[in-house]
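Below: the structure, in structure tokens.
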2 protein chains.
Amino acid sequence: MVQLSAPSASERRFMPPAVAVSTVAFALHPPVDANVADPGTGEVISTWGEYAGREGARDEHSTTLWLPLVRRTRPPFDGLWALPGGPIPWDEDLDQTAARTLHEAVLRSPGYLEQLYSFGATTRSATAQRLVTIAYWGSYGALDLASPPSPQPSRDVASDVASAAPDAVTEFSGALVASADDNVAWFSIDRLPELAFDHTEIIDYAVWRLRQRTEYSMVAHRFLGREFTLAQLRRVHEAILGEQLDPANFRRDMLAQGQLEDTGRVEQGTPHRPARLYRFTAEPEKA
Amino acid sequence: MVQLSAPSASERRFMPPAVAVSTVAFALHPPVDANVADPGTGEVISTWGEYAGREGARDEHSTTLWLPLVRRTRPPFDGLWALPGGPIPWDEDLDQTAARTLHEAVLRSPGYLEQLYSFGATTRSATAQRLVTIAYWGSYGALDLASPPSPQPSRDVASDVASAAPDAVTEFSGALVASADDNVAWFSIDRLPELAFDHTEIIDYAVWRLRQRTEYSMVAHRFLGREFTLAQLRRVHEAILGEQLDPANFRRDMLAQGQLEDTGRVEQGTPHRPARLYRFTAEPEKA
DNA sequence: CGAATAGTGTCTATGAGACATTATTCT
DNA sequence: AGAATAATGTCTCATAGACACTATTCG
């Protein structure tokens, strides 16, 4: 057995590092029933459904990305917000652990999930056990968020092992498991609160990598539903890159990629000419 | 204290994963005094100095990359070759651990070192403790290899903690520390032996990432000495990418990057017109 | 009709690939 | 001179950015 609680300073140097997974999960906006926290104080102010209705902030005009955070309820960094995550059970792949812990916080499965980088500086927590964090980044699409909260991940994942993890290891995980309460809230990436561990650094790196990816890869469509207009896709790119894009050139370049398929249908209920709806196809069109 | 040796099956699921670092260290050729192993059998056949002299394989015509491996001397995977690496001491950054363990195997410090990816599939070793490997990739330049073997890393790194690590953790490290003996040898990446753990997968991924990098970044010059000709730099690119490059266009593109500085000197002792020597500059030339 | 956005066509500058040509050094 | 490689110049084509212009729908 492993005895990990309250290690003395002399004992710490013989303890292997704890390993945890943390996930930066981007979305164009929170799910309607999710809590939204005040940027400055970190106080949960309302759900996204109320907030968006009040402010008139529709995702049509979304110009920023959002991500879920979990409030820690024990030391270290008690009370601060942290990325969803947790320790790695002995029989779970790293990818599975990331997916499961994220689902436990958000109650929904992301549409995309990918490993980002491993952080393990010795300065992360001077008084506690050494912690190595394997960071992931992912994205929630409109469909992922529209689905009702589910207690279990959609894909089959061993989740009973979570409670089997020693308490002392759980203590150092990126965040504690929360049960759909006020300890989970969504934040705009432009207005993040003070974060536990080095999670600010992790988020900065995730945003940087997301921008790199959108320039030479098709990841943006994962923020949308199954069908979308080119204007919607362009707004996703603009939100990620933080700059305006020429609609005409954007259309030409996207269609030249051959990964968009015309569904034949058009947008409904617009106050102007409706746009064609496209679908993403993995297979490039053969010319 | 942590007791990790001979865990029972029921105990294993309560043990936190062991964390180790492994490094894929590329070079245009091994150091002269390094062992070269036979591709098929993994038997150490001679040093690079003898081998290259016999075969007439000069680095001028190098068309493949080489990397150092360490032979394991205990289970699991006893006798197989593995990437240099080891467990993470409590007071060492991940980068430091990678640099130190690589130096312990090669007795030289690499010119470049960067984190690659973290591997942690549960299938890595069914009978042993769960292992998470944080993989690094690096490169040795001509100067790095030309220097005589040094027992300590050139940069100051805490190295006394290595022996403080519990034996059971060392057992699961990427490879055991070798003291410049027959248990360290260099292999061509085209002819690798059977490897321990999932190190074959790690090397494949490292080669793939190296190719990606050379296309939009200046990493190739790190394989060479401080001064080099454009032809030498081109041959490095060709070895990495595995294809021929047009000398004229390569010259134009490299010089347009503004990161090469003309030293004013030229190559010596060529049987033809000598080439200009260039130096790499971090600062782009202002036009 | 006018407003608003969808969608098309075109001009231009830039950069990559191909390759002909000149330059320099050694034997 | 002839061999071998360095170094330069030039042509073409593909692509990105800018932007004018046409099309369609709603109110």
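Lettering follows sequence order; numbering is per chain, from 1.
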Tell me which of B/Thr229 and B/Asp246 sits closer to the 5' end of DNA chain D, going by the nucleotide each one is nearest to. B/Thr229

Expressed as a whole number of angstroms, how long is the span from B/Leu233:CG to D/dA6:P? 13 Å

Could you tell me how far apart B/Phe250 (CZ) and D/dT8 (P) are, to the nearest whole angstrom? 15 Å

Report the distance from atom CG of A/Leu255 to atom P of C/dT8, rounded to the nearest whole Å. 8 Å

Going by atom types only, do A/Thr47 and A/Asp33 share a side-chain donor-acceptor pair under 3.5 Å? no

Any A/Thr229 side-chain heavy atom under 4.5 Å of A/Gln232 side chain: yes

Which of the following nucleotides, C/dA18, D/dA18, D/dA6, is nearest to the side chain of B/Asn249? C/dA18

Is there a side-chain contact between A/Phe228 and A/Leu260 (heavy atoms, below 4.5 Å)? yes

Distance, rounded to the nearest Å, where A/Gln232 contributes CD and C/dA6 contributes C1': 13 Å

When the ring centroid of A/Tyr205 is compared with that of A/Trp137, is the distance short of 6.0 Å? no

Atom CG of A/Asp253 and atom P of D/dA14 are separated, to the nearest Å, by 16 Å

Can you find a heavy atom in the side chain of A/Phe280 that is under 4.5 Å from one in the side chain of A/Glu261? no

Quick check on ring-ring contact (aromatic ring centres under 6.0 Å, His included): which of A/Phe223, A/Tyr140, A/Trp48 does A/Trp66 satisfy it with? A/Trp48

Compute the bend angle of the helix from C/dC1-D/dG27 to C/dT27-D/dA1 from the end axes (five pairs per end), rounded to 10°. 10°

Is B/Arg276 near enough to C/dT25 that one of its side-chain N or O atoms lies under 4.0 angstrom from OP1 or OP2? no

Taken to the nearest whole Å, CD/A/Gln268 to P/C/dA6 is 15 Å

Rounded to the Å, how far apart are B/Arg235 CZ and D/dA6 P? 7 Å

Ring centroids only, cut at 6.0 angstrom: are A/Phe187 and A/Trp81 within range, meaning strictly under it? yes

Return the value, rounded to whole Å, for the distance between atom CZ of B/Arg251 and atom C1' of C/dT22. 13 Å

Only counting residues at least two apart or in another chain, list the ones meeting salt bridge (Lys or Arg N to Asp or Glu O under 4.0 Å) with A/Arg234. A/Glu238

Is any side-chain N or O of B/Arg252 under 3.5 Å from a base N or O of C/dG17, one able to act as donor and the other as acceptor? yes

For the aromatic rings, using the six-membered ring if either is Trp, is the centroid distance between B/Phe119 and B/Tyr117 under 6.0 Å? yes

Strictly under 3.5 Å: I want the nitrogen or oxygen pairs between protein and nucleotides 22-27 of chain D, one per line.
from	atom 1	to	atom 2	distance (Å)
D/dA23	N3	A/Arg273	NH1	2.7
D/dT24	O4'	A/Arg273	NE	3.3
D/dT24	O4'	A/Arg273	NH1	3.4
D/dT25	O2	A/Arg273	N	3.4

Looking at D/dA7, C/dT8, C/dC19, which one has an atom nearest to any side-chain atom of A/Ala248? C/dT8

